[in-house]
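Down below is the structure, laid out as structure tokens.
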Amino acid sequence: MTLTVQPQRRVRRPKVSLWSLRIILLLHAAMVCAQPILAGYFLAGENDAMEVHGPIGSTVWMAGFLQVVIAGFYWLGGGGRPWPLLWSALLVVAEFVQLTFGYLQNFAVHVPLGTAIVAVVIWMTIWSFRPAARRGRQEVKQ
């Protein structure tokens with residue numbers, strides 16, 4: 001009786017692209033989590049908080065755009081899944097709308113949309129550190 005060993009197919013997993021995605025998500029999360037805190041300080045009477053809230057709001061969508069690029073590398077170059085790219089693209093659009101309504105002082109849209117943005121960015125950041133993020137596309141399909 002002979003034993004035949006089948007060579008295992010090497011599965012492509014995201015490594016560098018995943019760490020890049022984690023870093024941009026941490027930066028993005030820090031920026032979006034600072035926003036409601038700064039808004040709260042402003043509402044409590046600290047007028048200087050708006051001098052930081054505005055510039056962060058003007059820059060957060062740029063971090064989101066960089067996240068889209070890195071999520072594209074995670075998907076295409078690293079062998080990761082495509083949904084982080086889709087959610088990142090939606091976030092950029094939402095953040096640009098958020099910026100617009102913030103400058104228009106339309107808080108009926110600005111506050112709930114900001115809450116949704118914070119929730120999605122935190123969710124994606126937590127997901128990026130879970131074992132599921134390390135699995136490649138091919139492993140998920142099996």
Say you draw a straight line from [atom1] of [X] to [atom2] of [Y]; how long is it, rounded to the nearest 0.5 Å?
{"X": "Ile23", "Y": "Thr125", "atom1": "CD1", "atom2": "OG1", "result": "12.5 Å"}
{"X": "Ile70", "Y": "Leu25", "atom1": "CD1", "atom2": "CG", "result": "8.5 Å"}
{"X": "Ile122", "Y": "Ile117", "atom1": "CD1", "atom2": "CD1", "result": "12.0 Å"}
{"X": "Tyr74", "Y": "Ile24", "atom1": "OH", "atom2": "CD1", "result": "16.0 Å"}
{"X": "Thr59", "Y": "Met31", "atom1": "OG1", "atom2": "CE", "result": "4.5 Å"}

Requested in this report: Kindly check if the number of other-residue, nucleotide or ligand heavy atoms within 6.0 Å of CZ (Phe129) is above 12?
Outcome: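 Check passes, neighbour count above 12.
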Query raised in the report: What is the minimum heavy-atom distance between Val32 and Glu95, and which atoms define it?
Result: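 Val32 and Glu95 have their closest heavy atoms at CG1-OE2, 4.1 Å.
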Requested in this report: Could you pull out the closest heavy-atom pair between Met50 and Pro55, with the gap in Å?
Outcome: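 Heavy-atom minimum between the residues: O-CD, 4.2 Å.
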Requested in this report: Step by step, work out the side-chain contact (heavy atoms from CB on, under 4.5 Å) result for Phe42 and His53.
Outcome: CA-CA 9 Å; Phe42 175 72; His53 181 83; over 6 Å; no
Query raised in the report: Under 6.0 Å between the ring centres of Trp83 and Trp127?
Result: yes
Query raised in the report: Hey, does the side chain of Gln67 reach the backbone of Leu21 with a donor-acceptor pair shorter than 3.5 angstrom?
Result: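 Flag not set: sc Gln67 to bb Leu21 has no pair under 3.5 Å.
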Report task. Decide side-chain contact (heavy atoms from CB on, under 4.5 Å) for Leu91 and Met124; before the verdict, give the C-alpha distance in whole Å, the side-chain angles of both, and the deciding distance to 0.1 Å. Result -> CA-CA 11 Å; Leu91 273 172; Met124 287 183 74; 4.0 Å; yes
